[in-house]
Amino acid sequence: MTIKIILVEDQKLMRIGLKSLFDEYPEMEIIAEAENGKEAVEKTRLLKPNIVLMDIGLPDITGIEAAKRILEQNTFNVKIIMLTSHISDKEVYDSLTAGANGYIHKDINTEFLMMIIKTIKDGAMWLDPKVVPFIKDKNSGVIPARQLSRAGFREMHSNLTRREYEVLKLVVDGQTNSEIARTLTISEHTANAHVCNIIQKLVVDDRTQAAVKALKEGLV
């Protein structure tokens, strides 16, 4: 089934560049473009896409405000991915509060972007790894936590080993695999293996989603 996408970007050359990325991915289709927030809201209402790729900096209303308006009338399960040329704590907070499903820096690898679009369309959430420490610090009101005790978390995810639990806490802290290896005095290969096991056991697609799930479950 083709993933229908509306591309929202005020700069024409950027729109052309972004649109060209999808030429090699027939399972995805740019069904419309918008160059401002109000146009994005209207085209989304009329065309009912699966995904809206939304630039944050738009000339009329911001992409975040447009996302709010779209999601207020969302009766068809549209997902919104915010695109940004820089990482801003306030924009991360406002994007997530508005209900965005993804927050992505524009320099992302094309193949990775396509994978993210597919997983978000299927209900996942994806955030640029650089924002994970911010989410940890500002979690209240950004990601609703279940506030489970550690014992409760372990009961739900009893297949996590003690070492994997330690690694997961470092992932939430924003450490890379090489940094985790140095912190725990293990090889980088072992750190990679632990992260892969955690991703599998928590049934998520990547380390960022593992961190987000840990925060939602009240682990940290």
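For the single chain, residues carry numbers from 1 onward in sequence order. Below, all heavy atoms of this structure are taken into account, side chains as well, without hydrogens, waters or symmetry copies.
Judged by distance alone, with hydrogens and angles left aside, the side-chain atoms of D60 form a donor-acceptor pair with the main-chain N or O of K38 at under 3.5 Å. Between the side chain of N101 and the backbone N or O of I80 there is at least one donor-acceptor pair closer than 3.5 Å. Not one N or O on the side chain of K4 forms a donor-acceptor pair closer than 3.5 Å with the backbone of I30. Checking side-chain atoms of T44 against main-chain N and O of A40 turns up a donor-acceptor pair under 3.5 Å. The main-chain N or O of E164 is never found under 3.5 Å from a side-chain atom of H194 such that the two would form a donor-acceptor pair.
Salt bridge status for E42 with R45: present, with a side-chain N to carboxylate O gap under 4.0 Å. A salt bridge links R69 and E65; the closest N-O separation between the charged side-chain nitrogens and carboxylate oxygens is under 4.0 Å. Here R15 pairs with E33 in a salt bridge; the nearest charged N to carboxylate O distance falls below 4.0 Å. Looking at K43 and E39, a side-chain N of the basic residue comes within less than 4.0 Å of a carboxylate O on the acidic one, giving a salt bridge. A salt bridge is defined here as a Lys NZ or Arg NE, NH1 or NH2 lying under 4.0 Å from an Asp or Glu carboxylate O, and D173 with K169 fails to meet this definition.
By the 4.5 Å heavy-atom criterion applied to side chains, I117 and I81 are counted as neighbours. Residues F22 and L53 form a side-chain contact, since some pair of their non-hydrogen atoms from C-beta on lies under 4.5 Å apart. With a 4.5 Å cut-off on side-chain heavy atoms, I31 and P49 count as touching. In this structure, I199 and Q209 have side chains that are not in contact, with every pair of non-hydrogen atoms separated by 4.5 Å or more.
Within a 6.0 Å sphere centred on CD of Q73, heavy atoms belonging to other residues, nucleotides or ligands number more than 12.
In summary, the side chains of Q175 and T183 do present a donor paired with an acceptor at a separation below 3.5 Å, with no hydrogens or angles considered.
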